[in-house]
Amino acid sequence: MPAVAAWEPLAEALGAVRRIVVFSGAGISTESGIPDFRSPGGVWTRYNPRDFTFAKYVASAAVRQRAWRMRREFWGAEPRPNPAHLAVARLEAAGRCRGVVTQNIDGLHQAAGSVRVVELHGTSREVICIGQRPRVGTPAGCGFRAPYTWAFARIDEGHDDPTCPDCAGIVKSATVSFGQNLFPGVLQQAVELIGEADLVLAVGSSLQVYPAADVPAAAVRGGATLAIVNDEPTPLDDLATVVVRGRAAGVLSAAVEATLTPAT
Ligand code: APR
């Protein structure tokens, strides 16, 4: 009896449904060279997340300068989509995936061709004005928004804490930091998208950060099945009908190839 490949139960689960929604975390992008947060060597093993709260960013120019240096490190490598992102986009193009709810800020799902992407934690590809003194946790900018390259150009000109050209407010990446509220309407968009799913495929997330991690759990409460692809156990494994312990790029590309290739 030939050994069953780890991805085969996932291919079977994907083949049994018509409406898949993918829920992704940083682990789907590690094979693009972007470190995740909580694995060994992850971002929060090298930086203290408490140093990067919204309140500290607003209060301290030194925190903002360190944050820009960290973002520079992040974007220096020009990350590209990997086979896991491409497999997700392939599923959507084939009409089998309704879209992606991602916790990631790297824009790699869109770069891979995914069209319907809800970015729960915003995007680091753009920067926004958050105003002079935003209230606790809520950006209150003038509406200025620009590609992240605008900020890097200002920094290269020697402005290590770039301010808004329209109102002199604080500028921040268009991401959601600890202590910051999600952007208006995003969680609702995620709940609506997840509500369309027969199956939610959670990929590369430790499923520890709320409210994001409640999105796949809410889908199960709503009657969807849950499949998880992750390098290590997650708190939602017991809710899943399929759990694949493995690397996202290889597992997703093989499972999607199998489910989209008609049986001969
Ligand atoms: N294939 C499969 N799983 C992987 C891979 C991979 N190539 N690389 C890493 N993983 C797994 C890790 O084992 C880990 O369980 O992905 C998970 C990533 O978990 P986290 O680092 O906690 O990232 P994430 O779940 O996205 O974090 C959620 O926390 O700090 C906040 O805003 C940040 O969006 C982030 C949120």
Side-chain angles (χ1 to χ4, degrees), residues 6-29 36-38 84-85 87-106 108-110 112-123 176 181-246 248 251-253 255-256 258-260:
W7 54 264
E8 287 189 49
L10 176 62
E12 198 178 318
L14 297 179
V17 295
R18 307 308 304 162
R19 298 182 306 176
I20 298 158
V21 172
V22 172
F23 178 86
S24 66
I28 202 172
S29 295
D36 67 11
F37 294 94
R38 296 171 180 84
H85 299 105
V88 170
R90 222 184 132 198
L91 266 183
E92 185 182 13
R96 301 283 303 283
C97 174
R98 308 290 293 178
V100 184
V101 176
T102 187
Q103 301 171 90
N104 299 341
I105 59 174
D106 54 35
L108 292 182
H109 280 299
Q110 296 93 322
S114 286
V115 175
R116 194 172 174 199
V117 180
V118 178
E119 294 172 307
L120 281 175
H121 296 156
T123 177
V176 179
N181 301 319
L182 297 189
F183 291 109
V186 168
L187 196 54
Q188 182 54 33
Q189 286 171 35
V191 168
E192 281 165 12
L193 175 50
I194 281 279
E196 296 174 20
D198 302 321
L199 178 140
V200 173
L201 170 55
V203 186
S205 179
S206 62
L207 295 170
Q208 292 177 32
V209 172
Y210 284 80
D214 191 48
V215 168
V220 173
R221 291 194 296 270
T225 53
L226 176 62
I228 295 176
V229 175
N230 205 56
D231 247 355
E232 64 183 10
T234 80
L236 298 191
D237 283 357
D238 292 345
L239 281 181
T241 50
V242 172
V243 175
V244 180
R245 195 69 67 232
V251 168
L252 261 65
S253 42
V256 167
T259 194
L260 294 184

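Positions are given from 1 along the sequence.
In this structure, T241 contributes its side chain and L226 its backbone to a donor-acceptor pair below 3.5 Å. For D198 (side chain) and R19 (main-chain N/O), a donor-acceptor pair under 3.5 Å exists by modelled atom type.
For the residue pair A26 and D36, the shortest heavy atom distance occurs at CB-CB, 3.5 Å. Heavy-atom minimum distance, P235 versus S206: CD-O, 3.2 Å. In plain terms, the two heavy atoms of E92 and G113 that are nearest each other are OE1-O, 4.3 Å. When all heavy atoms of L252 and A84 are compared, the pair lying nearest together is CD2-O, 3.9 Å. When all heavy atoms of G204 and N230 are compared, the closest pair comes out as CA-OD1, 3.2 Å. What you find for G99 and L193 is that their closest heavy atoms are C-CD2, 3.9 Å.
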Note to self: Determine whether R245 and D231 satisfy the following criterion, side chain to side chain contact (heavy atoms under 4.5 Å, CB included), listing intermediate values before the conclusion.
What the structure shows: CA-CA 5 Å; R245 195 69 67 232; D231 247 355; 5.7 Å; no
message = Would L239 and I228 count as a side chain to side chain contact (heavy atoms under 4.5 Å, CB included) here? Give the steps.
response = CA-CA 9 Å; L239 281 181; I228 295 176; over 6 Å; no
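For the side-chain hydrogen bond (donor to acceptor under 3.5 Å, both in side chains) with E119, the qualifying choice from Q189, H109, Q110 is Q110, the only one to do so. Screening L201, I28, V243, V242 for a side-chain contact (heavy atoms from CB on, under 4.5 Å) with V229, the sole residue that qualifies is L201. Checked against S205 for a side-chain contact (heavy atoms from CB on, under 4.5 Å), the options L207, V209, V203 give a single hit: L207. Each of N104, V186, L182 was scored for a side-chain contact (heavy atoms from CB on, under 4.5 Å) with H121, with one residue passing: L182. Partner of L187 under the side-chain contact (heavy atoms from CB on, under 4.5 Å) criterion, out of V215, V118, N181: V215 alone.
Considering only heavy atoms from C-beta on, W7 stays 4.5 Å or farther from L14 through its side chain. No side-chain heavy atom of V200 sits less than 4.5 Å from a side-chain heavy atom of V220. In this structure, the side chains of H85 and S29 come closer than 4.5 Å at one or more pairs of heavy atoms.
We find the CG-CD distance between L236 and Q208 to be 10.5 Å, quoted to the nearest 0.5 Å. For the atom pair CG (L260) and CZ (R96), the distance works out to 6.0 Å, reported to the nearest 0.5 Å. Note that the CZ atom of R90 and the SG atom of C97 stand 13.0 Å from one another [nearest 0.5 Å]. If you take CG on L199 and OG1 on T225, they are separated by 3.5 Å, rounding to the nearest 0.5 Å.
Crowding of E192 atom CD: a count of heavy atoms from other residues, nucleotides or ligands under 6.0 Å exceeding 12.
With salt bridges taken as basic N to acidic carboxylate O contacts below 4.0 Å, one links E196 and R116.
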